[in-house]
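Scroll down for the structure; my scribbles are underneath it.
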Amino acid sequence: MVIDDQREVLEVLSRPDTYGPSRPEVTRIDTHSAAVFLAGDRAWKLKRAVRYDYLDFSTVERRRQCCEAELALNVRIAPSIYRRVVPLTRDGDGGLVLDGQGPAVEWLLEMQRFDGDALCDRLAERGALGLPTMQALGHAVAVMHATAPVSRGRGGAASMRWVIDGNASAFASFAEDLLPQARHRVVTGRTRALCERLAPRLDARAARGLVRQCHGDLHLRNIVLLEGRPTPFDAVEFNDAISHIDVWYDLAFLLMDLWRRGLRRHANVVLNEYARTTGDLDGLAVLPLFLACRAAVRAKTSATAATLARDAEARATLAATGRGYLALAESLLE
């Protein structure tokens, strides 16, 4: 749900002169919750004035708070990318100025720009994602988790029930041609049964401090090679239920993403290095549940995107993607 009209802000941020006398070319990248402006060697991220059931950027103050939270979280894991939070201000003649002296009307996250071709999803598409990089990535994720704050009172079986129930509720709202009811009911039923069997272990892991402030959205598009090192970025700051999770549930998103791309050896290298570095072999017992839940979440989001698609071809493609993820969830339960 769009809350505020940000057209003036978007127009100003799209102008080269906003970023100084050098007037760099500006490239705009839009997502459902942000607009990123690439100008020179910097990237400027604007949070959209939107509210969803899992995300609230509905006020300027809320957007400022989330910018600060995103900076604090991500500077720990990607210090070379994240720089500072900057106001967009109203100057004396009524115009908008980046980091000016007038009252703030919006807030931006300033980041160091990097080569988009170094994103790991693009490397995978080009067949350029090597196994040594995967070993380094498994180690990097292990270090990220080792230094993450422990989240008490979160995680465990209750957290996974919340994920499963959210998926089931969304699945029930989709038409048969998007996600076949018989198929998603089987996946939901089997996932719930597995969750209950694993509930004591899930709760024990939470009690042992293995639920932490994790990345929350750890897939290949949110990992970039910087000076040859795989670096996760864009960790979730806006919803603790998404990011304060079991460390193996965080890892499971990455493993599932590699698996569905047919990069099974890559997934195994990440898995083995992570397990070797952490010594947490207990996570292997809950991994099938975590993998299936991650795939089911992607089935849900793909089907949701299909319902919002503007043309029949895009809807058909997204629907097929959702069904593929649902089939993957079922196979991962095996």
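Quick note: numbers below take in every heavy atom, side chains included, and nothing from hydrogens, waters or symmetry partners.
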Ion pair present between D257 and R298, side-chain N to carboxylate O less than 4.0 angstrom?
no
Interatomic distance, L254 atom CG to C120 atom SG [nearest 0.5 angstrom]:
8.5 Å
Honestly curious: do L255 and L263 fall in one hydrophobic cluster under the side-chain, below-4.5 Å linking rule?
yes
Of the non-hydrogen atoms in C214 and I245, which two are nearest, and what is the gap between them?
SG-O, 3.5 Å
Going by side-chain heavy atoms closer than 4.5 Å, which hydrophobic residues are tied to V186, directly or by a chain of links?
none
With salt bridge (charged side-chain N to carboxylate O under 4.0 Å, His left out) as the rule and sequence neighbours excluded, what pairs involving residues 156-173 come up?
R161-E196, D165-R192
Taking only distance into account, with no hydrogens and no angle test, what donor-acceptor pairs under 3.5 Å do side-chain atoms of residues 123-131 form with protein atoms, sequence neighbours excluded?
from, atom 1, to, atom 2, distance (Å)
R126, NH1, D117, O, 3.2
R126, NH2, D117, O, 3.3

So, do L333 and P288 sit near enough that their side-chain heavy atoms are less than 4.5 Å apart?
no
What's the shortest heavy-atom distance between C67 and L109, and which atoms?
O-CD1, 3.8 Å
Indicate the ring-plane relationship of F238 and Y54, choosing parallel, tilted or perpendicular according to the 30° and 60° boundaries.
tilted
Are L328 and L289 joined in one hydrophobic group, where the rule is that I, L, V, M, F, W and Y side chains link up if heavy atoms are under 4.5 Å apart?
yes
So CZ of R113 and CD1 of I81: to nearest 0.5 Å the spacing works out to 13.5 Å
So, do T277 and E273 sit near enough that their side-chain heavy atoms are less than 4.5 Å apart?
yes
Chi angles and distances behind the side chain to side chain contact (heavy atoms under 4.5 Å, CB included) call for V247, H215
CA-CA 9 Å; V247 291; H215 187 285; over 6 Å; no
Minimum heavy-atom separation for A252 to L287, with atom names?
CB-CD1, 4.1 Å
Please report the C-alpha distance between R42 and Q112 in whole Å, then the side-chain angles of each, then the deciding distance to 0.1 Å, and finally whether the side chain to side chain donor-acceptor pair (under 3.5 Å) criterion is met.
CA-CA 5 Å; R42 294 288 186 268; Q112 184 70 33; 2.9 Å; yes
Regarding D99 and R84, does a basic nitrogen lie under 4.0 Å from an acidic carboxylate oxygen?
yes
For residues S173 and K300, determine if any side-chain heavy atom of one lies less than 4.5 Å from a side-chain heavy atom of the other.
no
Indicate, with yes or no, if M256 and L251 share a hydrophobic cluster defined by side-chain heavy-atom contacts under 4.5 Å among Ile, Leu, Val, Met, Phe, Trp and Tyr.
yes
Any chance you could measure S243, atom OG, to D250, atom CG, to the nearest 0.5 Å?
9.0 Å
Would you indicate whether the side-chain heavy atoms of R122 and L220 approach each other to under 4.5 Å?
no
Evaluation steps, salt bridge (charged side-chain N to carboxylate O under 4.0 Å, His left out), between E70 and K47:
CA-CA 11 Å; E70 181 175 354; K47 296 187 182 298; 2.6 Å; yes
Non-neighbouring partners of D282 that pass side-chain contact (heavy atoms from CB on, under 4.5 Å), sequence neighbours left out
R201, R205, R208, D280
E61, CD: over 12 other non-hydrogen atoms inside 6.0 angstrom
yes
Is the shortest side-chain heavy-atom distance between N222 and H219 below 4.5 Å?
yes
Side chain of R323, backbone of D177: donor and acceptor closer than 3.5 Å?
yes
Contacts satisfying ring pair (Phe, Tyr, Trp, His ring centres under 6.0 Å) that involve residues 149-174 (not counting sequence neighbours) are F171-H184
Taking only residues at least two apart or on different chains, which pairs with a member in residues 268-293 satisfy ring pair (Phe, Tyr, Trp, His ring centres under 6.0 Å)?
H145-Y274, W248-Y274, Y249-F290
Is R15 salt-bridged to E11, cutoff N-O under 4.0 Å?
yes
Give me each pair satisfying salt bridge (charged side-chain N to carboxylate O under 4.0 Å, His left out) with a member in residues 219-231, each pair once, sequence neighbours excluded.
D121-R221, E227-R229
For L96, the hydrophobic cluster (side chain heavy atoms closer than 4.5 Å, chained through members) also holds V9, L10, V12, L13, Y19, V26, F37, W44, L46, V86, L88, L98, V105, L108
Is E237 reaching over with its side chain to a backbone N or O of L73, donor-acceptor style, under 3.5 angstrom?
no
Can you list every salt bridge (charged side-chain N to carboxylate O under 4.0 Å, His left out) pair that touches residues 130-159, not counting sequence neighbours?
R154-D240
Using a strict cut-off of less than 4.0 Å between a Lys/Arg side-chain nitrogen and an Asp/Glu carboxylate oxygen, indicate whether E334 and R190 qualify as a salt bridge.
yes
Side-chain donor-acceptor contact under 3.5 Å, T317 with E313
no
Scan residues 80-122 for pairs that pass ring pair (Phe, Tyr, Trp, His ring centres under 6.0 Å), counting only residues two or more places apart or in two chains.
F114-F233
Taking side chain as C-beta onward, heavy atoms only, is N167 less than 4.5 Å from V297?
yes
With a 4.0 Å cut-off, would you call R183 and E176 a salt bridge?
no
CZ on R62 to CZ on F57, rounded to 0.5 Å:
7.5 Å
Please step through side chain to side chain contact (heavy atoms under 4.5 Å, CB included) for the pair I223 and T231, ending with a clear verdict.
CA-CA 5 Å; I223 303 167; T231 305; 5.8 Å; no
Are L179 and L332 in one and the same hydrophobic cluster, where Ile, Leu, Val, Met, Phe, Trp and Tyr link if side-chain heavy atoms are under 4.5 Å apart?
no
Taking all non-hydrogen atoms of both residues into account, name the closest pair between G156 and D203 and its distance.
CA-OD1, 3.5 Å
Distance, nearest 0.5 Å, that separates CZ of R28 from OG of S14
5.0 Å
Quick one, I242 with D217, criterion side chain to side chain contact (heavy atoms under 4.5 Å, CB included). Give me CA distance, side-chain angles, the key distance, then yes/no.
CA-CA 8 Å; I242 295 174; D217 199 21; over 6 Å; no
Can you measure from CG (L194) to CE (M160) and round to the nearest 0.5 angstrom?
9.5 Å
When you measure from the side chain of T147 to the backbone of M144, do you find a donor-acceptor pair of N or O atoms at a distance under 3.5 Å?
yes
Worked check of side chain to side chain contact (heavy atoms under 4.5 Å, CB included) between H244 and R212
CA-CA 5 Å; H244 290 240; R212 303 194 170 193; over 6 Å; no
Cluster companions of V143 among Ile, Leu, Val, Met, Phe, Trp, Tyr (side-chain spacing under 4.5 Å)
none
So do V270 and L258 actually touch side chain to side chain, heavy atoms under 4.5 Å?
yes
Of all heavy-atom pairs between L178 and A306, which one has the smallest distance, and what is that distance?
CD2-CB, 3.7 Å
Give me the other members of the hydrophobic cluster that V36 sits in, counting Ile, Leu, Val, Met, Phe, Trp and Tyr linked by side-chain heavy atoms under 4.5 Å, directly or via other members.
I29, L38
Taking C-beta and beyond as the side chain, do L55 and S33 meet within less than 4.5 Å on heavy atoms?
yes
Minimum heavy-atom separation for A78 and P232, please, with both atom names.
CB-O, 3.5 Å
Find out if a path of hydrophobic residues (ILVMFWY) with successive side-chain heavy-atom gaps under 4.5 Å connects V85 to V60.
yes
